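For reference, the structure discussed in these notes is given below.
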Amino acid sequence: MWRDWEGRGTIPFGIAAFRIGVYALWPFGYTTVERHDAGAPSCIGNVLWLVLAGWWLALAHIVTGIAQCITIIGIPLGIANFKLIPVSLMPLGRDIVRTDQPFVSR
């Protein structure tokens, strides 16, 4: 989605947060794929993200996913929360694509 902006030295952490927000708003029908052209800056940014924000975001998705899976009605939302864990841990160097096109961006 925002492939052109991430590597240009703008605000990659803000764009990653926006990417997580859009994916959290409507995760059904979409998945995340790793970009193989993401280089060392994405790796360094992911380490910073993991230390500063990623671990507690992932922990929150685990807790809310388990809580939502307790009821039958909440199971789809719990599964959606579990889908958000990888992108919450390391959002840089990932693209959000439709589930019918997971190999198009590779």
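Fair warning: this is a prediction, and the values are worked out from it, not measured in the lab.
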Quiz prompt | Neighbour count >12 (heavy atoms, 6.0 Å) for atom CD1, I73 | solution =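 Check fails, neighbour count at 12 or below.
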
Membership question, hydrophobic clusters at under 4.5 Å side-chain separation (ILVMFWY): are [Y] and [X] in the same one?
X   : Y   : result
F82 : M90 : yes
W49 : L84 : yes
L25 : I85 : no
L92 : L48 : yes
W55 : V87 : yes

Practice problem: Can you measure from CG (L57) to CG (L50) and round to the nearest 0.5 angstrom? | Solution: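 Taking CG in L57 and CG in L50, the distance rounds to 10.5 Å.
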
Quiz item: For the atom pair OG (S88) and CG (L59), what is the distance rounded to the nearest 0.5 Å?
Solution: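 Interatomic distance, S88 OG to L59 CG, rounded to 0.5 Å: 11.0 Å.
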
Quiz item: Is there a donor-acceptor pair under 3.5 Å between the side chain of K83 and the backbone N or O of Y30?
Solution: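 Pair found, side chain donor or acceptor close to backbone of Y30.
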
Quiz item: Closest approach of C69 and I79, non-hydrogen atoms and distance?
Solution: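 Shortest heavy-atom separation between C69 and I79 comes out as SG-N, 4.4 Å.
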
Self-check item: Smallest separation among heavy atoms of G78 and Q68, with atom names
Solution: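 Minimum heavy-atom separation between G78 and Q68: N-OE1, 3.4 Å.
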
Self-check item: Test side-chain contact (heavy atoms from CB on, under 4.5 Å) applied to I66 and I62, T64, V63, the passing residue
Solution: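 Among I62, T64, V63, the one that satisfies the side-chain contact (heavy atoms from CB on, under 4.5 Å) with I66 is I62.
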
